[in-house]
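Contents: one structure, followed by commentary.
Labels below follow one simple rule: chain letters A, B, ... track the order of the sequence lines, proteins then strands, and each chain is numbered from 1. All heavy atoms count here, side chains included; hydrogens, waters and symmetry mates do not.
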Amino acid sequence: MKIATFNINGIKARAQALTDWLDTAQPDVALLQEIKSVDEAFPRELFEERGYNVETHGQKSFNGVAILSKLPLEDVRRGLPGDDTDEQARWIEATVVGRQAIRLCGLYLPNGNPAPGPKYDYKLAWMDRLRARAADLLASEEPAMMAGDYNIIPQPVDAAKPEAWVEDALFRPESRAAFQRITNLGFTEAIRSRHPQQAGLYSFWDYQAGAWQRNNGIRIDHILLTPQAADLMTDCGIDKEIRGFEKPSDHVPVWVELDL
DNA sequence: ATGGCTGTCCCTGACAGA
């Protein structure tokens with residue numbers, strides 16, 4: 001089963017690029033971020049006609065997450081637990097049943113800039129709530145994954161120009177420590193586990209300053225697997241080539257292949 | 001060397017993104 005995460009940066013602007021990628025890559029499940037659409041405006045028929053079940057957690061103009069799945073989605077939950085006043089649509093989870101069941105969580109972690117400031121405080125508070133949910137997933141001792149746009153550059157090797165990011169919310173020590181606290185609970189970060197030292201693995205290139213042409217990228221989209229899910233991983237990758245296609249998102253898909 | 005973009009909205013500039 002191939003499961004991918006992809007920050008599409010707006011479903012209206014990305015309908016063509018997204019369906020082109022789906023038709024080529026053929027993921028069984030796609031966790032989408034930044035749909036920038038309310039649920040009613042999401043063009044679900046584009047995906048239903050390709051055999052996907054569609055669940056969304058949308059918001060007007062900003063944020064918004066969705067799950068596309070060729071297998072039925074069960075027990076869908078929307079919103080990251082831990083703060084009933086949080087109105088930003090950044091979290092959706094559901095169970096997919098293959099040969100065995102896996103809990104899939106799609107997330108769009110807050111950017112946090114400018115830092116320091118209230119947006120950075122919100123990011124770190126959100127990561128506290130994420131850690132709590134992550135601990136619960138591990139305690140279940142079942143296959144589960146948390147995948148999405150983490151807006152975290154984990155290590156200097158994950159940026160073409162790490163020195164340019166030292167003051168940025170994506171790379172500040174508190175951000176990276178919060179991410180590490182989560183992974184240290186016992187998750188496997190798919191791409192880095194398969195390529196421990198490799199530089200040049202990126203999932204985002206800014207639209208500005210010819211970042212793609214200069215390969216000035218960062219790796220901020222991640223797939224975290226519980227031990228029971230990590231045991232099932234047979235492959236993973238980054239579909240970087242679509243960044244150079246017509247009208248691309250600034251992110252590219254990251255995916256894992258699981259034996260289930 | 002510098003500056004460079006894109007998407008959204010009761011739209012045409014402000015805000016957000018990273």
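Nucleic acid contact class of A:N216 (heavy atoms, under 4.0 Å, all strands): none. Within the nucleic acid shown, A:D206 comes within 4.0 Å of at least one base atom, counting heavy atoms only. Within the nucleic acid shown, A:D250 has no heavy atom closer than 4.0 Å to any nucleic acid atom. Within the nucleic acid shown, A:Y108 comes within 4.0 Å of sugar-phosphate atoms alone, with no base atom in reach, counting heavy atoms only. As judged by a 4.0 angstrom heavy-atom cut-off over every strand, A:A13 is placed among residues touching the sugar-phosphate backbone only.
Where A:S37 and A:N7 meet DNA chain B, the nucleotide closest to each residue was compared, and A:S37 sits on the side nearer the 5' end. Nearest-nucleotide mapping onto DNA chain B: of A:N151 and A:I35, the residue sitting toward the 5' end is A:I35.
Checked against a 6.0 Å centroid threshold, the rings of A:F47 and A:F42 count as neighbours.
With distances taken from any side-chain atom of A:K60 to the nucleotides B:dG7, B:dG4, B:dC9, the minimum falls on B:dC9.
Of the candidates A:N215, A:D250, A:N216, A:W205 forms a side chain to side chain donor-acceptor pair (under 3.5 Å) with just one, namely A:N215.
Side-chain contact annotation: A:E34 with A:N7, donor-acceptor N/O pair under 3.5 Å present.
Between A:K119 and the phosphate of B:dA16, there is a side-chain N or O to OP1/OP2 separation shorter than 4.0 Å. The phosphate of B:dG7 has OP1 or OP2 within less than 4.0 Å of a side-chain N or O from A:K247.
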